[in-house]
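Here the structure is laid out as structure tokens; the discussion comes afterwards.
When a ligand or atom number is given, it counts from 1 through the structure's own listing order. Along the sequence shown, residues are numbered consecutively beginning with 1. The figures here come from the full heavy-atom set of this structure, side chains too, leaving out hydrogens, waters and symmetry mates. Please read these numbers as outputs of a predicted model, since none were measured by experiment.
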Amino acid sequence: AKDPVRVLVTGAAGQIGYALVPMIARGIMLGADQPVILHMLDIPPAAEALNGVKMELVDAAFPLLKGVVATTDAVEACTGVNIAVMVGGFPRKEGMERKDVMSKNVSIYKSQAAALEQHAAPNCKVLVVANPANTNALILKEFAPSIPAKNITCLTRLDHNRALGQISERLNVPVSDVKNVIIWGNHSSTQYPDVNHATVKTPSGDKPVRELVKDDAWLNEEFITTVQQRGAAIIKARKLSSALSAASSACDHIRDWVLDTPEGTWVSMGVYSDGSYNVPAGLMYSFPVACKKGEWTIVQGLPIDEFSRKKMDATAEELSEEKSLAYSCLS
Ligand code: NDP
């Protein structure tokens with residue numbers, strides 16, 4: 001039998017956490033034969049709720065779940081973890097300035113970076129979900145210099161999956177037959193969902209999405225805004241932000257990272273830019289990536305047209321501004 005993998009979930013008493021921890025305990029993140037020990041962290045006001053989640057995990061009697069740590073102590077939470085899913089963050093409340101929210105999150109991610117750096121298992125893989133996800137991940141990277149940059153990522157897989165879902169609905173094909181959409185840039189409304197390289201499986205081979213949709217106006221406008229604004233649409237409908245889809249995508253992100261993307265397929269991940277596609281180096285930017293043996297690489301050589309270039313640059317610009325704002329919160 002395999003040794004258990006320790007998985008940290010921060011903000012575990014929140015809505016995404018509540019949807020995520022049972023998925024992890026059922027093997028959806030790391031596989032049906034991989035035992036796990038869950039480490040759950042939340043802040044003291046949420047300690048009682050967190051303990052309730054722990055009770056439910058015990059009650060669910062998950063065969064793969066070999067232990068649960070539920071704590072408000074970051075050091076205890078981070079000790080020995082192999083995977084860290086950072087969902088805890090300070091929400092933007094009505095009337096709050098962007099800078100105030102940024103400042104709260106910068107201090108959270110700075111201190112959690114230190115706890116992970118000192119106490120996580122070597123080669124721990126980190127996924128930041130909490131918003132502003134890209135910039136929180138960048139701060140975490142800056143303050144955990146001994147964790148390799150390639151081990152620190154942020155979630156844009158939900159946006160990626162939303163794009164797959166929209167194409168699937170439009171063409172009335174199974175979502176599993178659609179692949180290779182790309183989310184470029186920030187996990188925000190400036191993200192660029194790109195279908196120029198996406199394909200759909202048909203009886204006569206893979207066909208480009210553009211050829212099948214036959215409506216460039218829809219693909220260049222409504223499709224893009226629908227994906228960009230999907231989070232807001234869910235809040236309007238549910239009166240709560242998306243949680244099950246966020247949790248499911250976080251599992252997809254880690255699963256593909258650890259267990260490989262299928263041959264000929266890529267997914268979107270927010271990663272530390274090396275300057276690929278002329279995206280400024282040093283930003284956490286979402287790229288198309290393929291994963292093998294636990295490592296992602298940016299898919300190279302895709303042709304970029306002028307329409308895409310503008311949108312990729314606009315979202316990079318927003319990330320540069322967020323980065324400056326985050327740094328100004330440090331001083
Ligand atoms: P959620 O579980 O709904 O969301 C958690 C974070 O994920 C938020 O930052 C949210 O951003 C972000 N997120 C990223 N992508 C998505 C998406 N697609 N849909 C929805 N959210 C997304 O929030 P809760 O308030 O229920 O739970 C947060 C937990 O974090 C609480 O248990 C709280 O106690 C804890 N917390 C921890 C702090 C700390 O570690 N110091 C500080 C404050 C809270 P967005 O806000 O933009 O929706």
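A donor-acceptor contact under 3.5 angstrom links the side chains of S308 and N196, judged on distance only.
Among residue pairs with one or both ends in residues 47-60, those qualifying as side-chain hydrogen bond (donor to acceptor under 3.5 Å, both in side chains) are Y18-E56; sequence neighbours excluded. Residue pairs meeting the side-chain hydrogen bond (donor to acceptor under 3.5 Å, both in side chains) criterion with at least one member in residues 62-78, sequence neighbours excluded, are T71-E76.
In this structure, the ring of W184 has its center less than 6.0 angstrom from the ring center of Y277.
Counting heavy atoms from C-beta on, the side chains of W218 and V213 come closer than 4.5 Å.
Protein residues having a heavy atom under 4.0 Å from any atom of ligand 1 are G11, A13, G14, Q15, I16, D42, I43, A46, V87, G88, G89, I108, Q112, V129, A130, N131, L158, R162, H187, S241, S242, listed by chain and number.
With sequence neighbours excluded, no residue forms a salt bridge (Lys or Arg N to Asp or Glu O under 4.0 Å) with E97.
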